[in-house]
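Every value quoted in this text rests on a predicted model; they were computed, and no experiment measured them.
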Amino acid sequence: MTNYWLMKSEPNVYSITDLKKEGKTIWDGVRNYQARNFLRQMQPGDLCFFYHSNVTPPGIVGLMQVVESDVIDPTQFDSQSPYYDAQSCLESPRWQTVIVEFVKVFPEMISLTTLKQMFHQEELLLIRRGNRLSVMPVAKKVADQILQIAQQ
DNA sequence: GCCAACGTTGGC
DNA sequence: GCCAACGTTGGC
């Protein structure tokens, strides 16, 4: 079964344009346990909405697909990386992630404002007050509606 | 730039 | 286990 997710990135760090250029990427650097637990649940074939955060306006800009799951995030062992985690050991790595590939850029961004108008807080974790998760599930019903308006 | 909301850390 | 202090996220 295909599951749907939403993943945030600040476009000045890594944007959908970067992903389009590269084709695929490892989604490294997530250091939040709740977000990691969602990453662990992802399966190849799952679809992920790409969300640009910390920009004006923020919103969903495209779609990507999981091609490899349960990938060890190498940056946790790299002492030069900002994501280095000295507590993590090779025998049982603390941080897993996925490799995603580019699917499409939406003709028009679906802004956070639009998402707030389309859905209720209970339907979409993204718009829940105070939410700061960078990786989160999206219900199929909600995902279908987002995909539908993305075609227009 | 501001600040609310949240997660993490560490003293006790 | 509690909780204050701190750092970060991210919309505005």
Side-chain angles (χ1 to χ4, degrees), chain A residues 3-22 24-42 46-66 69-100 102-139 141-143 145-150 152:
Chain A
N3 287 303
Y4 295 89
W5 308 90
L6 183 147
M7 305 209 275
K8 295 180 186 172
S9 181
E10 301 187 16
N12 58 333
V13 178
Y14 194 84
S15 72
I16 188 105
T17 310
D18 296 322
L19 179 61
K20 186 178 184 179
K21 225 175 294 172
E22 292 179 19
K24 65 176 183 176
T25 193
I26 180 166
W27 204 264
D28 57 12
V30 173
R31 294 293 179 272
N32 169 284
Y33 287 104
Q34 214 182 334
R36 181 208 62 186
N37 292 343
F38 288 133
L39 285 167
R40 284 180 172 177
Q41 291 174 35
M42 291 186 189
D46 284 1
L47 293 167
C48 307
F49 294 106
F50 197 129
Y51 179 90
H52 278 179
S53 65
N54 237 320
V55 280
T56 309
I60 295 173
V61 290
L63 194 66
M64 48 195 170
Q65 186 164 38
V66 176
S69 57
D70 202 21
V71 176
I72 293 164
D73 183 343
T75 61
Q76 67 194 301
F77 301 121
D78 177 4
S79 59
Q80 302 307 308
S81 169
Y83 306 119
Y84 178 60
D85 182 356
Q87 317 272 5
S88 186
C89 61
L90 280 163
E91 296 73 37
S92 65
R94 189 180 274 183
W95 306 104
Q96 290 80 27
T97 187
V98 294
I99 293 173
V100 285
F102 174 80
V103 175
K104 64 157 72 172
V105 177
F106 292 154
E108 276 187 68
M109 149 190 277
I110 305 167
S111 71
L112 180 58
T113 309
T114 302
L115 291 167
K116 282 177 176 169
Q117 287 165 355
M118 285 180 69
F119 304 106
H120 291 112
Q121 292 186 37
E122 312 82 57
E123 294 177 292
L124 182 59
L125 217 68
L126 176 77
I127 59 179
R128 221 168 281 180
R129 193 175 126 93
N131 172 59
R132 277 175 19 190
L133 266 184
S134 66
V135 177
M136 69 195 81
V138 178
K141 198 177 145 192
V142 171
Q145 287 185 66
I146 294 171
L147 288 171
Q148 199 179 341
I149 71 151
Q152 293 168 1

* Structure fact -> All heavy atoms of A:N3 vs all of A:D46, minimum pair found to be N-OD1, 3.0 Å
* Asked: Between A:M109 and A:G59, which heavy-atom pair has the shortest distance, and what is it?
  -> CE-N, 3.8 Å
* Could you list the residues that satisfy side-chain hydrogen bond (donor to acceptor under 3.5 Å, both in side chains) with A:R132, not counting sequence neighbours? => none
* Could you list the residues that satisfy side-chain hydrogen bond (donor to acceptor under 3.5 Å, both in side chains) with A:T113, not counting sequence neighbours? =>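 side-chain hydrogen bond (donor to acceptor under 3.5 Å, both in side chains) list for A:T113, sorted by chain: empty.
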* Is there a donor-acceptor contact under 3.5 Å from the side chain of A:R40 to the main chain of A:Q96? -> no
* Tell me: CG of A:N12 to C1' of C:dG10, nearest whole Å? ->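 Distance, rounded to whole Å: 12 Å.
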* **Integer-rounded Å distance: C:dG10 P and A:M7 CE** =>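 Spelled out: CE on A:M7 to P on C:dG10 is 14 Å.
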Pairing residues for [X] by the side-chain contact (heavy atoms from CB on, under 4.5 Å) criterion, not counting sequence neighbours:
X	value
A:S9	A:Y14, A:W27, A:F50
A:Q87	A:D85, A:R94
A:A35	A:V30, A:N32, A:L133, A:S134, A:V135

Please work out which residues in [range] have a non-hydrogen atom less than 4.0 Å from an atom of DNA chain C and list them by number.
range	answer
residues 111-124 of chain A	A:L112, A:K116
residues 55-63 of chain A	A:P58
residues 28-40 of chain A	none

* Mind checking the OG1-CD1 spacing from A:T114 to A:I60? Nearest 0.5 Å is all I need. =>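 Spacing of OG1 (A:T114) from CD1 (A:I60) equals 10.0 Å.
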* Identify, with sequence neighbours excluded, every residue that meets ring pair (Phe, Tyr, Trp, His ring centres under 6.0 Å) alongside A:Y33. =>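 Partners of A:Y33 under the ring pair (Phe, Tyr, Trp, His ring centres under 6.0 Å) test: A:W95.
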Exercise answer: donor-acceptor pairs, residues 51-58 of chain A side-chain atoms, under 3.5 Å, sequence neighbours excluded:
| unit_1 | atom_1 | unit_2 | atom_2 | d |
| --- | --- | --- | --- | --- |
| A:H52 | NE2 | A:I16 | N | 3.2 |
| A:N54 | ND2 | A:E10 | OE2 | 3.1 |

* Structure fact -> For nucleotides 1-9 of chain C, 5' to 3', base contacts (B), sugar-phosphate-only contacts (S) and non-contacts (-) with protein non-hydrogen atoms under 4.0 Å give ------BBB
* Does A:R128 have any salt bridge (charged side-chain N to carboxylate O under 4.0 Å, His left out) partners at least two apart in sequence or in another chain, and if so, which? -> none
* **Enclosure of A:E108 CD (heavy-atom neighbours >12, cutoff 6.0 Å)** => no
